[in-house]
Amino acid sequence: METPIFELQYALDTFYFLVCGALVMWMAAGFAMLEAGLVRAKNTTEILTKNIALFAVACIMYMAVGYELMYDKGLGMFLSGIMGDGVAGAAAEEKASYAPSADFFFQVVFVATAMSIVSGAVAERMKLWSFLLFAVVLTAVIYPVEGSWTWGGMDVFGLYNLGDLGFSDFAGSGIVHMAGAAAALAGVLLLGARKGKYNAQGQVVAIPGANLPMATLGTFILWMGWFGFNGGSVLATASVDSANSVAVVFMNTNMAAAGGLVGALLAARLLYGKADLTMVLNGVLAGLVVITAEPSTPTPLLATLFGLVAGVLVVFSIIGLDKLKIDDPVGAISVHGVVGLLGLLLVPVTNDNASLLGQIIGAVTIFTWVFVSSLAVWALIKATLGIRVSAAEEYQGGDLSECGMEAYPEFMSQ
Amino acid sequence: METPIFELQYALDTFYFLVCGALVMWMAAGFAMLEAGLVRAKNTTEILTKNIALFAVACIMYMAVGYELMYDKGLGMFLSGIMGDGVAGAAAEEKASYAPSADFFFQVVFVATAMSIVSGAVAERMKLWSFLLFAVVLTAVIYPVEGSWTWGGMDVFGLYNLGDLGFSDFAGSGIVHMAGAAAALAGVLLLGARKGKYNAQGQVVAIPGANLPMATLGTFILWMGWFGFNGGSVLATASVDSANSVAVVFMNTNMAAAGGLVGALLAARLLYGKADLTMVLNGVLAGLVVITAEPSTPTPLLATLFGLVAGVLVVFSIIGLDKLKIDDPVGAISVHGVVGLLGLLLVPVTNDNASLLGQIIGAVTIFTWVFVSSLAVWALIKATLGIRVSAAEEYQGGDLSECGMEAYPEFMSQ
Amino acid sequence: METPIFELQYALDTFYFLVCGALVMWMAAGFAMLEAGLVRAKNTTEILTKNIALFAVACIMYMAVGYELMYDKGLGMFLSGIMGDGVAGAAAEEKASYAPSADFFFQVVFVATAMSIVSGAVAERMKLWSFLLFAVVLTAVIYPVEGSWTWGGMDVFGLYNLGDLGFSDFAGSGIVHMAGAAAALAGVLLLGARKGKYNAQGQVVAIPGANLPMATLGTFILWMGWFGFNGGSVLATASVDSANSVAVVFMNTNMAAAGGLVGALLAARLLYGKADLTMVLNGVLAGLVVITAEPSTPTPLLATLFGLVAGVLVVFSIIGLDKLKIDDPVGAISVHGVVGLLGLLLVPVTNDNASLLGQIIGAVTIFTWVFVSSLAVWALIKATLGIRVSAAEEYQGGDLSECGMEAYPEFMSQ
Amino acid sequence: MKLVTAVIKPFKLDDVRESLSEIGVQGITVTEVKGFGRQKGHTELYRGAEYVVDFLPKVKLETVVADDRVEQVIEAITNAANTGKIGDGKIFVSPIEQIIRIRTGETGAEAV
Amino acid sequence: MKLVTAVIKPFKLDDVRESLSEIGVQGITVTEVKGFGRQKGHTELYRGAEYVVDFLPKVKLETVVADDRVEQVIEAITNAANTGKIGDGKIFVSPIEQIIRIRTGETGAEAV
Amino acid sequence: MKLVTAVIKPFKLDDVRESLSEIGVQGITVTEVKGFGRQKGHTELYRGAEYVVDFLPKVKLETVVADDRVEQVIEAITNAANTGKIGDGKIFVSPIEQIIRIRTGETGAEAV
Ligand SMILES: Nc1ncnc2c1ncn2[C@@H]1O[C@H](COP(=O)(O)OP(=O)(O)O)[C@@H](O)[C@H]1O
Ligand SMILES: Nc1ncnc2c1ncn2[C@@H]1O[C@H](COP(=O)(O)OP(=O)(O)O)[C@@H](O)[C@H]1O
Ligand SMILES: Nc1ncnc2c1ncn2[C@@H]1O[C@H](COP(=O)(O)OP(=O)(O)O)[C@@H](O)[C@H]1O
C-alpha cells in the first residue's frame, strides 16, 4: 500500500529513534555510575539501587499513565493500542512517519533522565522507599503534566499556550533537566544537609566521593548517551534536511561538552590552583545541558562558547549553593537547574522562532509547577513515611540500613 | 543491476544487523563486569580473564566450525566465501537481503553470550585452562548442533523437526540462555560448591561480591546490549512491518526488564526486609531472559507482567538452588536456565504459531542435548586436566594461582 | 530538488557516520578506563583528568585549526560554513553525499584517539598542564599535517605524494595509531622512566596497575568503539557494495581482536606460565591496531591470523622496550607503534592497490614528522614549563599534587 | 614513660584527638582494628543467605607519655570517648622503657 | 594483668576466636598486619617484570587478661592456630599496669 | 626479651627491613597506621570546600628481640629511617615477659 520510498523513510526514522533511545537508556547507567562515584563508600549500594530502580519505575508509570497524559494519543489503557503502526495512526487521525512504539521508547527514557537528576541531589540521607514513592508520582504525573504544556502542545491549565508565546526547548534543558532539578531542590530543602557537611562554625566541609574512576566513567557514558538525547530530538532523519540537522546536533552537542569541560577546568584552576576532576566532570555535563535547549542552530564555535560559559557558571553555582547550605552531593541542582535555565535563555540568540519573553515565561511555568507540586508530595511523604534515615543509619550508611549489603565489603576503609 | 530501492533496503538491513551485533558484543563486557563484581576480590582477575578470553574463543571456533555446522551455508573452510554479498548468495541458491558477513557477525556474538553464562556459575573454583577448553567444544559443536535444530531448521538427529512441532524461540530464551545454563549446571555438578559456601551444619553461608558498582554497571550494559540481542532477531528492519516489529521488540524488552526489576525488588523486600541489590540485578536479567523467547507479540503491559513474574521466580529459584547446595555465585542457572524455560513456556500465550507441546519438546530437546554432552565433556576434562583448582589455590584465590596478579593489588582487604 | 532515493542515501550515510562517530567518541572512555586501571591508585585522578580533558582540547583545536589544515574544505574560520549540507558542497565545488558536520564529527574523534595514546605512555610522572599544552599542538598542527599528506591527499612538503606511491592506510594503523605512538615515544625519551621502575641492578621492577576490572572494561569499550573506527572508515554504507564492505570490516575487526587476544594469552602462558591479564588486554588492542590499516580485504581467517601475530608481537615488544628502559606504563608504544607499523606492512598482502615500498615510505614519513616535531615541542615545553613533576610529587602521586584529590580516598592502601 | 592504648569507637576519634591536644599531647599513632567484645556484631542477608558481621570496626590509639601525665590522659580519653553505650572500648596502660626520636636521636622525655 | 599478643595466619582467626571464647575470654582486638619472618614471600610476574611480594598477610590478635589466665590463653591460641607449617606465628606476653572500661570507668579486673 | 616498636615513614620500610635483616633480625610485624605529631597534615580543596587531611600515613614496625640486641636494633632503625626531616618517627622499647612459637611450642630465646 505504501510506496517503497515511504517504507524506507519509515524504517530509517524508526531505526534512528530506536538507536537514539538506546543511547538515552544508557544515560541511566551514566547517572548511576556518576552518583556511585561521588558518594561515600557506605552509601554506594543504596544509590545504585535507587538509580536502577527508578528507571524501572519511570518506565512502568510512564507506560501506565504518563505517556497518554502528556500526548493524549488515544492509545487506551496501558497503551494497549501502541503496537499498530504509525502510518495508520494509532487511534486514527494523527499519523506518524515512524513506529509509535519507537516514539514511546524514545520518550520513556527521557522521563527516567528527569528522575535520575533527583537521586543525586538527595543522596546519602534519603530513605530508599520514600524516594521510590516520589519517583512514582513524578514520572506518572508531575513530569507528564509539564510535558503536555510544552512538547504536548496543550494549554497551561487552559490559560495560555507556551508554544504560542514563543517558548522553545529543543531537547529539554528546561522540560527535562531544569524540571528534574526543581524536584530535587524541593526534596533537598525538606531533607536538610548531610550530617557533617556544614560544621559548627558554619564552614563547608568537603565530603569526597569514594570512587572517581566510576564518576568519570559515568560522565563519559552521559556524554555518549547525550548524542541520542539531542540527536533523537530532531525527530526525523530520513531526508537531506533532517539528516543535516541531526548531524549538526551531534557536532554541537559534542562541542558544547568540550567547551564546558574547558570552562570548568580553567575556573577550578584559577580558583583553587588545582585541576578539580569532579568540577571538570560537572563542567562536561553543564556544557551538555546548556546546548540541549537548542543544539541545531548555533555554529560549532558558538556551541563551544555556550558550553564554556556553562562550565564556568556551574563552578560558581556549586560554590554558591554550598554557601547557602543547600547540600547537593553531586552538583545536580547546579548542573541541571541553573545551567538548564541558562540554556533556555540562550535559545533566542540563535533561534529566531524563540523569544526571550517566551523562554522566561516557559521557565517560570515549568519551575513553579514542578517545584510546588514536588514540595507538596515530598511534604506528604515526610509527614507519613518520613523522608530521612535516622542519624544512626546515616552514620552507618545507607548500604547496611537500606540494602543490607556493602558495596565494597572486602576493602578496608579509612 | 539491483534497483536503487533494493540497494537501500540491503544497506539499511545490513547496517541494522551491524549495530545490533555491536550491541550484543557489548554484552560480553556486561557479563564480565557483572561477574567481576559478584566474586570475591581474590578471584577477580581470573574471572575477567575467563570472560574476555572466552569471547575470543567463541569467535574463532564459530568461524572455524560452528557457523557452517549450524546453518550449512556452503561457505567453505573458515568461511572463506563469506565476503561476497547476500544478493548473489554465498554459495549460490540461498539469497539474503543483507551482507552475509553481517549475518555472521550478528550470530557469532550470540555464541559468546551462551558461553558467558557458564563462566559465572563455575566462578571462584574452576581452572582457567580447563574452562577455556570447554569453551572450545561448546562454541564449536554443542551450541551449533542445537542451533541447527532450531534456527537452522534441521531435524533433530534426523528424527523430528522442532519447527514442525510448533516450537518457537524468537531470540533464544532457550536456544541461547537455557542452553548456557544447562552447560553451566553440568559443570557445577561435577565441580562442587566453593569451600565455605555450606557450613558444617549444612547452612548456606553468604559470600558477598566484592564490587557492587561493577556488578550494577554490568547489568546496565546487558540491559542496553539486549536491545541488539532481541531487536536484531527480527532479522530485518527495512519495511514498515519489520520496522514496527523491531520497535515493539525494543519497547517490550525494556518493559520486561523493568518488570523483572520490580518483581525481584519486592520479593526481596518481603522476604528479607531489605532491598537486596544483587537480587534486583538478577531480576533485571530475568525480565530480559523471559521476554527473549517472544518479544514481538505481547502488549507492553503483558511484557511488564511477564518480567514481573520472572523477577519473583528468580529470587525463589536462587534460594532454592542454594538449598539444594548447587553453588552458583552469580545466579546464572536461575536467571538463564529456570527463567529461560519460563520464557519458552510463555510464548504460546501471545503467539498463536507456537504450541505448548512444541515448546516443551523443544525445551527438553535442547536441555537434554546440552546437559548430557556438556556433562560428558566436563567429565573428560575432569579425568584428564582436572577442572578444580587445589584447596590451597582456592583459598589463596585464582588471581595469584592462575593469572599471577591481583585485581586490586594496592587495596587492603578485610 | 534531490531525488527521494538520493535523499535516503544521504540520510542513511549521514546516520551511519554519526553512529560510527559516537562509537569512536566512546573509545575516549575506553582509553581513560584502561589507563586508570593500569596506573597506581595515587595517579588515578590525574590520568582521568588528562584523558577527559585531552578529548575536549582535541575537539576544540581540530575545529579551530586542524580540520581545515587537513582537508582544506574552505569552511572558513572555526568552520562557520560547516552547517550547510553536503549536497550543495560546503564552500562549493566539493560535494559530499552526506552531511559535512557528520564528517567533521567522525574525523574529530579520530584526533582525540591519537592523543589518548600519548597519555598512557607518559603516565604517572608528566605534569598535567604541560601535557595539555602538548595536546593543543598535536591536535591543532602535528596530526592534521600528516593527515593532510595521507587522507587529505596533499603532497608531503610539496615533494612527493604518498597516495601516488601506493601508500594505503584504511582507518589509520599508521596515520592515527603509529602517529600517536611516535609522539608518545618522543615524550617518554625526554621524560625518563618512573622512579623505581628500574632498580640499582638495572633490573625491571614491576609496578602493577591498581584496578584491573577498570582496565578490562576499558579494553571492552575500545573493542566496541573500534567497530565505529574501522567500520566508519568505509565512508559510505548506502549501497550493496559499501554495505558489504562495512559488514566485512566489522567482521574482520572482531576476528583480529580475537586473534590478538589468543596470541598474547598463549605467548604470556608460554613465557611466564601464567595468564597475564594485562598482556591479554594489550593483545586485544594489538589485534585491533593491526587490522586497522586494511580491514576490508582479508578473509576472516587471515584477519584472525594477522591479529594472532600482532598479539604475540606485542608481548615481545613490551618486554623489549622494558629492556631498553623505555618506560611505558600501559604498553601504548608497543600496541600502537610497533603493531601499527606491522599493520601498515601487512596491507599489501591482501590489497593489491598498496605496495610494500609505498607502505614503508609512508610509515617513515609519518613517523619522522610526528616524532621530530613532537620532540621539538616536548623539548620546548621542558625548557620552559618543565614536563616532569618533582620527585616528591611523584612519590606522593599526581592525584594530590596536580588535582588535589584522591581517586579512592576512603580505601586503605598497602 | 608509659604507653596508653585506647580502643574506641571510630567516630569518636576526632573528639579524642582534640581533647588530647588540648592537654598538650603531641604524638598519637592510630590504627584501624576490629573488635570482639560484649557488644555484638550483626547479621545481614545476602541473596537469602546469612552473613554474620561479627567484628566491629574500632580505632586503636596509642600515645606514649610521661608517667605523671597518665591520669590526665586517661581522663581526657574517657571523657571524649564515652557515649554510655556498650562497646565504648578500653584503655590499657603499659610500661615503656626507652623512647628515641629517629630524626634527632633524642631519647627519654625529650623524645616524646 | 597481661597483654597477650598473637600473630597468626589469617584463615585461623575464626578458630582462635572460638577457642578463646570457649575459655571465657570476652574481649579481643584484631589488626591486619604484614609479617616478615622465616616463611618467605613469593615472586610474581607482571608484564614480564618480577614483582616480589615479600611480606605475608597475618593477623595480630590482642587480648588483655588476668595474670592467672595467661597460660590457658596461650594454650588455646597455640592449639587453634597451629598448622605445623612454617609461618604459624608467635605469641608475646607483656605487662599491663592499668586497664579502664571507658563506658563505666571501671578499672582493673572488672574492666576486662 | 624486648619489644622494639618503630613508627616510621612508609617509604623507608624497605630500607629499615633490609638493615634489620643485615644484623640478623628475622621476624618483623608491620602495620599501616596514621600518625599525628609535630609534622602537620595538609589541606585540600574538593569542589570548593576544604578538606583537611590531618593524619599522615606511617608504618609501625614491631620486632621482639633479646635484651642484648636492643641497642643494635635501635641503631639500625635510626640509621635507615632517618631523613632529617620532621615526621621521621619514634622508637619505643617495652618489656616482653614471654614468647612462644606457635608451630613448635618453643619459648624464650628459641622462639624469636
Ligand atoms: N580484654 C580485652 N583485650 C583487648 N581488647 C579488648 C578487651 N576487651 C575489650 N576490648 C576491645 O574493646 C572493644 C569494646 O569492648 P566491649 O566489650 O564490646 O564493650 P565495652 O567497652 O563497653 O566493655 C572491643 O570491641 C575490643 O576491641
Ligand atoms: N621477633 C619477632 N617480632 C615480631 N614479630 C615476629 C617475630 N618473629 C616472627 N614474627 C611474626 O610472626 C610471623 C611468622 O613468623 P615466621 O618466622 O615466618 O614463622 P614461624 O612462626 O613458623 O617461626 C612473621 O610473619 C611475623 O609477622
Ligand atoms: N608520643 C607518641 N606516642 C605515640 N606515637 C607517637 C608519639 N609521638 C610521635 N608519634 C608518632 O610518630 C610520628 C612522627 O612524629 P612527629 O612528631 O610528626 O615528628 P618527629 O618524629 O620528627 O618528632 C607521628 O606521626 C606519630 O605517628
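Just so we're clear, the structure is a prediction, and the values are computed from it rather than from any experiment.
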* Asked: Less than 4.0 Å between a side-chain N and a carboxylate O, is that true for A/Lys127 and A/Glu402?
  -> no

The interface call for A/Thr45 against chain B, heavy-atom contacts under 4.5 Å, is both

Worked check of side chain to side chain donor-acceptor pair (under 3.5 Å) between B/Ser239 and B/Asp241
CA-CA 5 Å; B/Ser239 68; B/Asp241 278 357; 5.8 Å; no

The interface call for A/Leu128 against chain B, heavy-atom contacts under 4.5 Å, is side chain

The interface call for B/Thr219 against chain A, heavy-atom contacts under 4.5 Å, is side chain

Tested for side-chain contact (heavy atoms from CB on, under 4.5 Å) against A/Phe78, the lone hit among B/Leu301, B/Leu302, B/Thr299 is B/Leu301

Value for CE (A/Met405) from OG1 (B/Thr278), rounded to nearest 0.5 Å, stands at 4.5 Å

Applying a strict 4.5 Å limit to non-hydrogen atoms, the region of B/Asn254 in contact with chain A is side chain

Okay, B/Met224 and chain A: the region with an atom under 4.5 Å from a heavy atom over there is both

One should read off an interatomic distance between A/Met33 CE and A/Met214 CE, to the nearest 0.5 angstrom, of 5.5 Å

Whatever's closer than 4.5 Å to a heavy atom in chain A on B/Val280 counts as side chain

Whatever's closer than 4.5 Å to a heavy atom in chain B on A/Ser101 counts as both

Of A/Gly404, A/Ser80, A/Ala99, A/Cys403, the largest count of non-hydrogen pairs under 4.5 angstrom with chain B goes to A/Cys403

Under 4.5 Å to a heavy atom of chain A? For B/Leu277 that would be both

Scanning both residues in full, the closest heavy-atom pair of B/Pro298 with B/Ala303 reads CB-N, 4.1 Å

Rounded to the nearest 0.5 Å, the CG atom of A/Asp399 sits from the OH atom of A/Tyr408 at a distance of 9.0 Å

Interatomic distance, CD1@A/Ile82 vs OH@A/Tyr67, rounded to 0.5 Å, equals 5.0 Å

- According to the interplanar angle, ranging from 0 to 90°, do the rings of A/Phe220 and A/Trp223 count as parallel (below 30°), tilted (30 to 60°) or perpendicular (above 60°)? parallel

One option among A/Ile60, A/Leu79, A/Ile52, A/Leu12 has the most heavy-atom pairs under 4.5 Å with chain B, and it is A/Ile52

A/Lys73 to A/Tyr71 six-membered ring, cation-pi geometry met (6.0 Å, 45°): yes

If one checks every heavy atom of B/Leu261 against chain A at 4.5 Å, the contacting part turns out to be side chain

inquiry  = Using side chain to side chain donor-acceptor pair (under 3.5 Å), reason through A/Gln9 and A/Ser97 one step at a time and then give a plain yes or no.
reply    = CA-CA 8 Å; A/Gln9 287 169 339; A/Ser97 55; over 6 Å; no

Checked B/Val284, B/Thr237, B/Leu265 vs chain A; the most non-hydrogen pairs under 4.5 Å come from B/Leu265

Practice item. Please assess B/Asn230 against B/Thr253 for the test side chain to side chain donor-acceptor pair (under 3.5 Å), listing each intermediate value before the final yes or no. Key: CA-CA 7 Å; B/Asn230 287 357; B/Thr253 299; 3.1 Å; yes

Filtered by a 4.5 Å non-hydrogen cutoff, the part of residues 16-27 of chain B contacting chain A is B/Tyr16, B/Val19, B/Trp26

So, the part of A/Val109 with a heavy atom under 4.5 Å from chain B: the answer is neither

One option among B/Thr304, B/Leu217, B/Leu8 has the most heavy-atom pairs under 4.5 Å with chain A, and it is B/Leu217

Note: vs chain B, highest number of non-hydrogen pairs under 4.5 angstrom among A/Ile5, A/Leu48, A/Thr49, A/Asn51 is A/Leu48

In terms of heavy-atom pairs under 4.5 Å with chain B, the winner among A/Gly84, A/Gly37, A/Ala36, A/Ala28 is A/Ala28

Nearest heavy-atom approach of B/Pro329 to B/Ala123 is CG-O, 3.8 Å

Honestly, the part of B/Ser296 sitting under 4.5 Å from a heavy atom of chain A is backbone

NZ (A/Lys50) and CG (A/Asn43) are apart, to the nearest 0.5 Å, by 8.0 Å

The interface call for A/Leu400 against chain B, heavy-atom contacts under 4.5 Å, is backbone

* Asked: Mind checking whether A/Phe15 and A/Tyr10 have ring centres under 6.0 Å apart?
  -> no

In terms of heavy-atom pairs under 4.5 Å with chain B, the winner among A/Ala58, A/Ala102, A/Ala29, A/Pro4 is A/Ala29

